[in-house]
Amino acid sequence: MGDQHFRPLWRRSSFSGAGNDNCVEIAFVHREVWVRDSNAPDRPALSFTHRPWQEFLARLVSPTG
């Protein structure tokens with residue numbers, strides 16, 4: 001990416017809250033979804049294109065497919 005000062009807008013999971021250390025954040029960047037550990041924001045994020053992200057979300061709703 002050409003912009004060295006680009007900062008994605010990270011959104012924290014709605015399940016994050018007091019006493020819950022297992023938090024993730026997502027950001028929509030160009031045509032990808034980035035996912036990171038909110039407890040380690042300086043570590044690399046995972047990136048997903050639209051289709052794998054939608055498949056992942058569908059599995060959360062219906063894990064047996």
A.B. asks: So, the side chain of Ser38 versus the backbone of Cys23: is there a donor-acceptor pair under 3.5 Å, distance only?
C.D. replies: yes
A.B. asks: Among Trp34, Phe48, Trp53, exactly one meets side-chain contact (heavy atoms from CB on, under 4.5 Å) together with Ile26. Which residue is that?
C.D. replies: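 Looking at Trp34, Phe48, Trp53, the match for Ile26 under the side-chain contact (heavy atoms from CB on, under 4.5 Å) is Trp53.
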A.B. asks: If you measure from CG on Leu46 to CD on Glu32, what distance do you get to the nearest 0.5 Å?
C.D. replies: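 Going from CG on Leu46 over to CD on Glu32, the span is 11.0 Å.
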A.B. asks: Grouping I, L, V, M, F, W and Y whenever their side-chain heavy atoms are under 4.5 Å apart, do Val33 and Leu60 come out in a common cluster?
C.D. replies: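 Yes, one cluster joins them.
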A.B. asks: Is the shortest distance from a Lys or Arg side-chain nitrogen in Arg59 or Glu55 to a carboxylate oxygen in the other one below 4.0 Å?
C.D. replies: no
A.B. asks: What are the two closest heavy atoms between Ala45 and Arg36, and how far apart are they?
C.D. replies: CB-CB, 4.0 Å
